[in-house]
Amino acid sequence: MLHMWHKGFISQSSKFRLGGIFIILLAYAPGVFKESFWSDDYPALMDTSGSANHMFKDARPTAAALLSISFSPLNDPSSAWILRSFALLALLLIFLFVSKRISESKYGNLGIFSIAIALCLPSFQMYIHWNVTWFCLWASLAGLYAFQFWSSQLISKKVFAVFLLTLALTTYPPAALFFLSVITVVNTLNQSKIAKYFSDVIQGLMLLTISGLISVISTFSLMRIVDVSPNTRVALLGLTDIPEKIVWLISRPVVVGLRPFLIDSPTPMVAMVTALPVLLIIVIGIKRQTVNLGEKFLYRFFGIAFPLVLTLIPIILTSDNQIEFRVLPGFSWGIAVLASYFLLVIISDWLNRFKINEKLKVSALLITLSILAVISIASINMHYSDFFGGPYRMKNTFLNAEISSCLSSGTLRSVTVLPPEKPFPVLPRLGVFSMSTDLASSWVPKPNVELLLKQRNIAVPATYLNTRPLDIRASATECVIDLEEFRKLLME
């Protein structure tokens, strides 16, 4: 029977784990080994110390050190695949770490599969395909091991746990709190009693409180020593901002989390229509578990939701209300795993009710898994092509053509880059995925052009004008690159 196929977890789990690794590699590896640079990658390469200092001002000293160490040896984008490979390795290790902790799950194989496809989300894509964030997933992995060591009775392991989570928090807090989402996923897939949720959450909050205090005190003490002021984005939430923050949290992070695989910017009606099925599947799944475990639905629902909400602490406590997928890894991943897992369990149980050949039931479920895997893999690869690969090639083709034109017209002594007359087109997507080109960010054109000049062994200064002059000729030195022409190309 299909039920026995699930019960063969020990013999089948390794195959599903290999399948999960295969899905993750097919999703991310093509983009990892293709050449691409995006946004902050350019200043990180051309002005590594300046970019590291900016991260330090964001209260992320460990990230600043890692960026400095990793970008200083790089010569050009062609070798950045090494950084992306490290990020992909971290994601694979996270998958193995979590998937090995659901051994008590009745539907363990479906759980392993759900964990894998839920790692094919926009949040993780930003961490892997964006070179400057390659270390974020290592912060997530450090957080997972920190919680594991904290569960030990040995004082030495608890101290090491605090050290690990402190490093993770000073790398990237949203990624560091990923372990809180794992608490929900592991306990839910293992059908743990609600007391186990709260016990794990209490331990996690104790670890987070101690590590958080140490990271804040040490970071701001270091800032004071070197006489550096933090960026405004790390300012704490004011009392007067609380109502606006609550509305923003519900309308942005929560809604985005309930649409974990989508990157579009929906209307309220579309958001509701696309989010409700996910919420409904999770509610049905929780209800089924409460019946099996003899627990009250509201208690279990709260126990499952609470750790997921805790992963949003970094954006809850800060005044910044900018929605980005990279700040939602724990929340969106937890929702995606639960929705995928409960849906597959419902389908599996539904198939078991039919008196048909067991092989047909297994085949039907495997076809469903294959369709979900193909969709996950295809979405990541399409996002890479639309956001990283395609724009990178198109932009550099234009800039190189402009530089070549200047070279053919005479001696090249300097380059001036002009902003477009009108803003670059904005795509109907959320966060950075709405950008049609990273040249829309004022800190990109100058280092981008400098890099292309460096690759041609042309040692001339480049300047970017934030304000477009009335008379273009007045600002021209020897070479003028007008981004208005590139804007027109994007509009075609």
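Please read all numbers here as calculations on a predicted model, not as lab measurements. The basis for the numbers below is simple: all heavy atoms, side chains too, and nothing from hydrogens, waters or symmetry mates.
Annotation: side-chain hydrogen bond (donor to acceptor under 3.5 Å, both in side chains) contacts of W38 (sequence neighbours excluded): none. Partners of N381 by side-chain hydrogen bond (donor to acceptor under 3.5 Å, both in side chains), not counting sequence neighbours: none found. With sequence neighbours left out, the side chain to side chain contact (heavy atoms under 4.5 Å, CB included) criterion links S215 to T166, L169, T170. Applying the side chain to side chain contact (heavy atoms under 4.5 Å, CB included) test to F22 and every residue at least two apart in sequence or in another chain returns L26. Among residues two or more places apart in sequence or in another chain, the side-chain hydrogen bond (donor to acceptor under 3.5 Å, both in side chains) test is passed with Q455 by none. The salt bridge (charged side-chain N to carboxylate O under 4.0 Å, His left out) check on E35 picks up nothing, with sequence neighbours excluded. Partners of R252 according to the salt bridge (charged side-chain N to carboxylate O under 4.0 Å, His left out) rule, which considers only residues two or more places apart in sequence or in another chain, do not exist here. Residues that satisfy the salt bridge (charged side-chain N to carboxylate O under 4.0 Å, His left out) test with K446, not counting sequence neighbours, are E450.
You'll find the side chain of L465 reaches within 4.5 Å of the side chain of T463, heavy atoms only. When side chains are defined from C-beta on, N448 counts as touching L452, because their heavy atoms get closer than 4.5 Å. Residues R101 and V185 have side chains not in contact (no heavy-atom distance under 4.5 Å, counting atoms from C-beta outward). For the pair L418/I481, no side-chain contact is recorded, criterion being any heavy-atom separation below 4.5 Å from C-beta on. The side-chain heavy atoms of Y341 and I115, taken from C-beta on, include no pair separated by under 4.5 Å. Side-chain contact between F163 and L167: present, with at least one pair of heavy atoms (C-beta onward) separated by less than 4.5 Å.
Salt-bridge annotation for R468 and D482: present, with a side-chain N of the basic residue lying under 4.0 Å from a carboxylate O of the acidic one.
With hydrogens and angles disregarded, no donor-acceptor distance shorter than 3.5 Å links the side chain of S441 to the backbone of W443. Within the 3.5 Å criterion, the main-chain N or O of L96 finds a donor-acceptor partner in the side chain of S99. Looking at Q125, its side chain does come within 3.5 Å of a backbone N or O of I380 through a donor-acceptor pair. Here the side chain of T318 pairs no donor or acceptor atom with the backbone of A235 at under 3.5 angstrom. Panel note: side chain T171, backbone A139; no donor-acceptor pair is recorded below 3.5 Å. With hydrogens and angles disregarded, no donor-acceptor distance shorter than 3.5 Å links the side chain of T219 to the backbone of P61. Listed for the D241 side chain is no donor-acceptor partner under 3.5 Å among the backbone atoms of L237. Side-chain atoms of S405 never come within 3.5 Å of backbone atoms of A401 as a donor-acceptor pair (strictly under, hydrogens ignored). Under the 3.5 Å distance criterion, the side-chain polar atoms of S51 are matched with a main-chain donor or acceptor of A44.
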Table please: side-chain donor-acceptor pairs of residues 81-92 below 3.5 Å, with sequence neighbours left out.
from: R84; atom 1: NE; to: V32; atom 2: O; distance (Å): 2.9
from: R84; atom 1: NH1; to: S36; atom 2: O; distance (Å): 3.4
from: R84; atom 1: NH1; to: N131; atom 2: OD1; distance (Å): 2.7
from: R84; atom 1: NH2; to: V32; atom 2: O; distance (Å): 3.0
from: R84; atom 1: NH2; to: K34; atom 2: O; distance (Å): 2.6
from: S85; atom 1: OG; to: W81; atom 2: O; distance (Å): 2.8

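For residues 429-438, the pairs satisfying salt bridge (charged side-chain N to carboxylate O under 4.0 Å, His left out) are D386-R429, K395-D438, with sequence neighbours left out. Applying the salt bridge (charged side-chain N to carboxylate O under 4.0 Å, His left out) test to pairs two or more places apart or on separate chains, those with a residue in residues 49-70 are D58-R233. Counting only residues at least two apart or on different chains, the salt bridge (charged side-chain N to carboxylate O under 4.0 Å, His left out) pairs with a member in residues 264-281 are R259-D264.
Between F37 and Y42, a ring centre-to-centre spacing shorter than 6.0 Å is recorded. A distance below 6.0 Å separates the ring centres of F325 and F433. Under the 6.0 Å cut-off for aromatic ring centres, Y28 and Y384 do not qualify, their centroids lying 6.0 Å or more apart.
Screening I210, L165, L208 for a side chain to side chain contact (heavy atoms under 4.5 Å, CB included) with W150, the sole residue that qualifies is I210.
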Quiz item: Given S70 and W134, is the side-chain hydrogen bond (donor to acceptor under 3.5 Å, both in side chains) satisfied, shown in steps?
Solution: CA-CA 10 Å; S70 58; W134 70 268; 3.1 Å; yes
Quiz item: Does the side chain to side chain contact (heavy atoms under 4.5 Å, CB included) test come out yes or no for I94 and F97, once each step is laid out?
Solution: CA-CA 5 Å; I94 289 171; F97 182 99; 5.5 Å; no
Practice problem: Test side chain to side chain contact (heavy atoms under 4.5 Å, CB included) on V415 and L412 and set out the steps. | Solution: CA-CA 8 Å; V415 178; L412 183 62; 4.0 Å; yes
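Nearest heavy-atom pair across F331 and P253 is CE2-O, 3.6 Å. The two residues A116 and I24 have their closest heavy-atom pair at O-CG1, 4.2 Å. Across all their heavy atoms, S376 and F261 have their closest contact at OG-CE2, 4.3 Å.
Side chain to side chain, S385 and R393 fail the donor-acceptor criterion of an N or O pair below 3.5 Å. A donor and an acceptor atom, one from each side chain of S123 and R326, are nowhere located under 3.5 Å apart.
Using cut-offs of 30° and 60° for the angle between ring planes, the F160 and F149 rings count as perpendicular.
Judged by a 6.0 Å distance limit and a 45° cone about the ring axis, R224 is not positioned over the six-membered ring of F220.
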